[in-house]
Amino acid sequence: MSALASILSDFGEALEFIFTERESRAGGSEIGGTQLLGLLADHLALSAVALAIGIAVAVPLGIWLGHTGRGTFLAVGIANVGRAVPSIALIALFFAFLGTGFVNVALALALLAIPPILANAYVGIRLVEPDTVDAARGMGMTGPQIVRRVELPLALPLVVGGIRTSAVNVVATAAIAPLAGVSSLGDPIIAFGVYGESGRLGASIVVAAVAVATEVTFGLAQRLADPLPSTRRTVPA
Amino acid sequence: MMLAQSGVEIRDRSDASCVADNGFCPRWIADNLDRYADPLLQHVYLTLVSVAIGFAVAAALALLAHRRRWLVGPIVNVTGILYTIPSVAAFFLLLPLTGRGNTTAIVALVAYTLLILFRNMIDGLDGVPEESRDAGRGMGLTRRQLLWRVEVPLALPAIMTGLRVAMTTTVGLAALAFFAGAGGLGAEINADLAFKSNVVVASALCLLLAAALDGAILLAQRALTPWSRAA
């Protein structure tokens, strides 16, 4: 019974941290409550920049590899290696070799975002029926026209699906950005001495909520991106 | 396991100037490689135990959902939410319940394997050709015999693919297990984030471990499905 009470009080204090400001443990600065809004803004800015870079690199590359039918090995290989690279290793490598800073951490996160987007874009283009592409060619479409008006629209749900996976990944990993000296919602998690127990747990709740919200938002975008919604039967994910 | 907690302790012995510059120092690495043995073993332990428990749970769920189809949706949704929660957050959310240490790390890591493993198991079972089932029934197999002698063997490639993805993903996530107080190679990375030699060695060991486990499953798959070798 007392164990349960202590767990409940831990979470109660964490919720209080999320909604009300208080002085930091060492004194001097206000933490919690509205201070988290600033950290949230930092977190989202870092994630958005990283995701944008990842999309700008991986979508065109994946489409090109898929359209030309070359580079199966490359697309699949990058996806496999990418999964095995620990996020903290990427951030640490960028920090050790390039130093601290918003741009360096954003680049590390962008590298993390690339493999799923690349693999999904590649597979999405490859899965377009060859008959459909033939029909487009028969109508006199050029290569770039086929990509833009046939392959890309049909592959779009998978492309957005890859972006969704990466977005959740990036938002989650941005939580350890403070290890490399860049501010995010992970601050209270990393700087335990300043924020204490309730700050760490409270920030963990917020980070989890932001990740779930990202998943839901991009899941919705994925559904809207489908040009043939009624004809597809996909496993709910 | 608790070798180096601060940047000062981790550096000693040879290559003084290179080490002082936070450089990439082959000699320091050669001299200090043994530091990483215990964290590596702890990393292997966390990964194998988590994937093994995850596999057992996912298999039980898959067998259940294979019989009662309506369960597939809810199970995918629940494991999907677990998969979405960032591991760092999950470790700290579990701390008040399970305390610092291996238990917290393993519970969180198991949760991440479930979606990957379950989905591949169900996809594999769904992909069994109806003709194969018919042939099995024609031979007089009971439902249970049909499952274990026809459906599961034919689903093995998909199941093993899921196992490989779950294994490499878990190696990566276990690098954050130090947040839960469970050590592993991530603890070494975190012990001295600015020291290039340290970061490179610990990261490389993570990648090698993932590649080795992946290769081991691939070999096991070849051994378990001799009929697919011809194709």
Side-chain angles (χ1 to χ4, degrees), chain A residues 3-4 6-11 14 79-97 99-100 112 165 168-169 171-176 179-181 185-186 188-190 197 200-216 219 235-237, chain B residues 22-24 43 72-74 76-77 80-81 83-97 115 119 122-123 126 164-165 167-169 171-176 178-179 184-186 189-190 192-200 202-211 213-214:
Chain A
L4 181 65
S6 108
I7 290 167
L8 285 179
S9 96
D10 280 346
F11 280 98
N80 283 338
V81 175
R83 208 166 25 234
V85 179
S87 51
I88 188 172
L90 261 184
I91 291 195
L93 286 168
F94 271 72
F95 178 70
F97 283 90
T100 181
L112 188 79
T165 304
V168 174
N169 244 333
V171 163
T173 310
I176 57 171
L179 284 178
L185 279 173
I189 295 175
I190 310 290
E197 199 78 56
R200 194 167 66 180
L201 191 54
S204 298
I205 294 172
V206 178
V207 167
V210 171
V212 172
T214 307
E215 163 79 13
V216 170
V235 185
Chain B
N22 278 331
F24 178 71
H43 209 105
V72 172
V76 167
N77 284 333
I81 292 170
Y83 188 74
T84 303
I85 294 173
S87 47
V88 176
F91 291 138
F92 290 118
L93 290 175
L94 284 169
L95 273 187
L97 300 153
L115 178 67
R119 229 197 253 177
I122 284 293
D123 285 351
D126 285 352
R164 290 173 67 192
V165 175
M167 192 70 92
T168 41
T169 306
V171 171
L173 289 174
L176 293 170
F178 71 91
F179 280 116
L185 289 166
I189 296 179
N190 187 51
D192 200 344
L193 218 58
F195 186 23
K196 297 187 183 76
S197 309
N198 173 51
V199 171
V200 169
S203 304
L205 286 175
C206 282
L207 279 181
L208 287 176
L209 176 58
L213 291 173
D214 192 51

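In what follows, chains carry the letters A, B, and so on, assigned in the order in which the sequence lines appear, proteins first and then strands, with residues in each chain numbered from 1.
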Note to self: Out of B/T84, B/L97, B/T168, B/T169, return the one with the most heavy atom pairs under 4.5 angstrom to chain A.
What the structure shows: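 Among the listed options, the one with the most contacts to chain A is B/T84.
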
Item checked: Top of B/S203, B/S87, B/G80 for chain A proximity - count of heavy-atom pairs under 4.5 angstrom ->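 Highest number of pairs under 4.5 Å: B/S203.
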
If we only count heavy atoms from C-beta on, is the [X] to [Y] side-chain gap below 4.5 Å?
| X | Y | value |
| --- | --- | --- |
| B/L176 | A/S87 | yes |
| B/V200 | A/F97 | yes |
| B/V88 | A/S204 | no |

What is the minimum heavy-atom distance between [X] and [Y], and which atoms define it?
| X | Y | result |
| --- | --- | --- |
| B/L193 | A/A96 | O-CB, 3.6 Å |
| A/A208 | B/L93 | CB-CD1, 4.3 Å |
| A/A172 | B/P86 | CB-CB, 3.4 Å |
| B/G186 | A/I88 | O-CD1, 4.4 Å |
| A/A89 | B/V199 | O-CG1, 4.4 Å |

Check: For A/F94, what residues pass the side-chain contact (heavy atoms from CB on, under 4.5 Å) criterion, not counting sequence neighbours?
Finding: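 side-chain contact (heavy atoms from CB on, under 4.5 Å) list for A/F94, sorted by chain: A/L90, A/L98, A/L107, A/A108, A/L111.
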
Check: Take atom CZ in A/F11; do more than 12 heavy atoms of anything else shown fall under 6.0 Å from it?
Finding: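 Result for CZ/A/F11: enclosed.
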
Margin query: Which one wins on heavy-atom pair count under 4.5 Å against chain B: A/I91, A/L179, A/N169?
Written below: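 Top option by heavy-atom pairs under 4.5 Å: A/L179.
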
Check: At a heavy-atom separation under 4.5 Å, does A/V168 approach chain B through its side chain, its backbone, both, or neither?
Finding: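 Side chain only.
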
Check: Of the backbone (N, CA, C, O) and the side chain (C-beta and beyond), which part of A/I176 lies under 4.5 Å from a heavy atom of chain B, both, or neither?
Finding: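 Interface part for A/I176: side chain.
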
Does any backbone or side-chain atom of [X] lie under 4.5 Å from a heavy atom of chain A? Answer side chain, backbone, both or neither.
| X | answer |
| --- | --- |
| B/F179 | side chain |
| B/I189 | side chain |
| B/L95 | side chain |

Next item on the list: Drop me the distance from B/R164's CZ to A/R83's CZ, to the nearest 0.5 angstrom.
Entry: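 Interatomic distance, B/R164 CZ to A/R83 CZ, rounded to 0.5 Å: 8.5 Å.
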
Checklist line | Chi angles and distances behind the side chain to side chain contact (heavy atoms under 4.5 Å, CB included) call for B/I81, A/E215 | finding: CA-CA 9 Å; B/I81 292 170; A/E215 163 79 13; over 6 Å; no

Next item on the list: State which residues pass salt bridge (charged side-chain N to carboxylate O under 4.0 Å, His left out) with B/D126; sequence neighbours excluded, sorted by chain then number.
Entry: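 Partners of B/D126 under the salt bridge (charged side-chain N to carboxylate O under 4.0 Å, His left out) test: B/R69.
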
